[in-house]
Number of protein chains: 2
Amino acid sequence: MAYRLDEQIGYILRLANQRHALIFNKHSDLGLTPTQFAALVRIGEMGACSQNLLGRRTAMDVATIKGVVTRLKAKGFIQLSPDPGDKRRTVVSLSAQGQDVIDQLHAFGEKVTEETLAPLSDTERKVFLDMLKRLT
Amino acid sequence: MAYRLDEQIGYILRLANQRHALIFNKHSDLGLTPTQFAALVRIGEMGACSQNLLGRRTAMDVATIKGVVTRLKAKGFIQLSPDPGDKRRTVVSLSAQGQDVIDQLHAFGEKVTEETLAPLSDTERKVFLDMLKRLT
DNA sequence: GGTTGTTTATTAGTGTACAAACGAATAACC
DNA sequence: GGTTATTCGTTTGTACACTAATAAACAACC
């Protein structure tokens, strides 16, 4: 059987990611990227934490999370403060504006997920997500 | 039902992509990235073509494919030549070295795919790939 | 208390990925 | 033949994503 690029999981995963990013950006009104969105939602779930820990909890390495935090701070959604007990750490937390948009973010996220999964039935979505999670 | 980041298709897709990239790089001996690999395999499938067309056939925009072509050329896997019938076009084709590694690339690709899909049974892989393709 | 090892944050470098804008060449059309 | 539209390749700018290296701070240990 010949090797065909169009049948390879890595290539198809890349295409699926591209489509999701397209849907995300189409609906995005707050000017957030999927990565910034993930970090912001995660802070909402976890509460305040250090920059590196936030990176680990959103699967971003130290160099990536630094840039994301910088941009979220510039957009006013988070605030940074020194950790009183550990001089190495920077504590990242939601700003008042960040608190205000969390509900809006969740509604937005639901819409993006719905449209991304639109080609699949409800039963299929469940099966698909279960299998996809096993590949992470 | 609360919104949970860990259940969102976009976030999980990103994680699956990360794992695949990790597996790819672990086995990569030719120094290629997944993107460069895709472009090279595609030229092998299609034969010589213009730079922009190659980009379209590998889902890369004009700015991205330009960088990929530049690096594949620098590594000696492809060669570039002016299109005799269209002065705008650059014809991209496999170099002798590129031809030589195509079989090796296919074997490598099979291995990466196999390891990436290892958590799924044969039946599950078929179902999963079918559903994933519908999300592209 | 001092050594050892780890964690935190930063920086530099490479490689996707997309939007937007540009000039040059080609195609379509009247 | 000349206008219009499209295509091709390039460049600029922003944003992930990872590697590797660094310095500062902290923890564990004898």
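Order of the sequence lines fixes the chain letters, A, B, ..., with proteins taken first and strands second; residue numbering starts at 1 for each chain.
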Could you check how far [atom1] of [X] sits from [atom2] of [N], rounded to whole Å?
X       : N      : atom1 : atom2 : answer
B/Leu80 : D/dG9  : CG    : P     : 10 Å
B/Lys87 : C/dG23 : NZ    : C1'   : 15 Å
B/Leu13 : C/dA17 : CG    : P     : 14 Å
A/Ile65 : C/dT8  : CD1   : C1'   : 13 Å
B/Lys73 : D/dG9  : NZ    : P     : 15 Å
B/Arg89 : C/dG23 : CZ    : C1'   : 17 Å
B/Asp61 : C/dG15 : CG    : P     : 17 Å
A/Tyr11 : C/dT16 : OH    : P     : 14 Å

Query raised in the report: Does CZ belonging to A/Arg4 count more than 12 external heavy atoms closer than 6.0 Å?
Result: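 Open.
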**Report entry** Greater than 12 external heavy atoms within 6.0 Å of A/Lys133's NZ
**Finding:**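 Check passes, neighbour count above 12.
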Query - Sugar-phosphate, base or nothing in reach of B/Asp86, heavy atoms under 4.0 Å - result: sugar-phosphate
Please write out the pairs of protein N or O atoms and N or O atoms of nucleotides 10-14 of chain D separated by less than 3.5 Å, giving the distance to one decimal.
{"unit_1": "D/dT10", "atom_1": "OP2", "unit_2": "B/Gln51", "atom_2": "OE1", "d": "3.4"}
{"unit_1": "D/dT10", "atom_1": "OP2", "unit_2": "B/Gln51", "atom_2": "NE2", "d": "3.2"}
{"unit_1": "D/dT10", "atom_1": "OP2", "unit_2": "B/Lys66", "atom_2": "NZ", "d": "3.3"}

Report task. Not counting sequence neighbours, list each pair that qualifies as a ring pair (Phe, Tyr, Trp, His ring centres under 6.0 Å) and has a residue in residues 49-104 of chain B. Result ->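 Sorted result for residues 49-104 of chain B: empty, none.
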For the pair [X] and [Y], find out whether any cationic side-chain nitrogen is under 4.0 Å from an anionic carboxylate oxygen.
X        : Y        : result
A/Asp130 : A/Arg125 : no
A/Glu45  : A/Arg57  : no
B/Asp86  : B/Arg88  : yes

Report summary line: Contacts of B/Val91 and A/Gly85 projected onto DNA chain D by closest heavy atom; the upstream (5') one is B/Val91
Report task. Look at B/Thr35 and C/dG15 and indicate whether a side-chain polar atom (N or O) is within less than 4.0 Å of OP1 or OP2. Result ->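 No.
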Query - D/dA17 phosphate, OP1 or OP2, under 4.0 Å from A/Arg14 side-chain N/O - result: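 No.
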Requested in this report: Classify the side chain of B/Arg88 versus the base of C/dT26 as yes if they form a donor-acceptor pair under 3.5 Å and no if they do not.
Outcome: no
Query - Reference residue B/Arg89; test side-chain contact (heavy atoms from CB on, under 4.5 Å); the match among B/Pro84, B/Pro82, B/Ser50, B/Ser81 - result: B/Ser50
Query raised in the report: Donor-acceptor pair, B/Glu114 side chain versus B/Lys111 backbone, under 3.5 Å?
Result: no
Report task. Output yes when a side-chain donor or acceptor of A/Thr70 lies under 3.5 Å from a complementary backbone atom of A/Lys66, and no otherwise. Result ->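 Present.
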Query raised in the report: Do any of residues 18-30 of chain B sit with a heavy atom less than 4.0 Å from DNA chain D, and if so which?
Result: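 Under 4.0 Å from DNA chain D: B/Gln18.
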Requested in this report: Go through D/dA15, C/dA17, C/dT16 for me and flag the one nearest to the A/Thr33 side chain.
Outcome: D/dA15
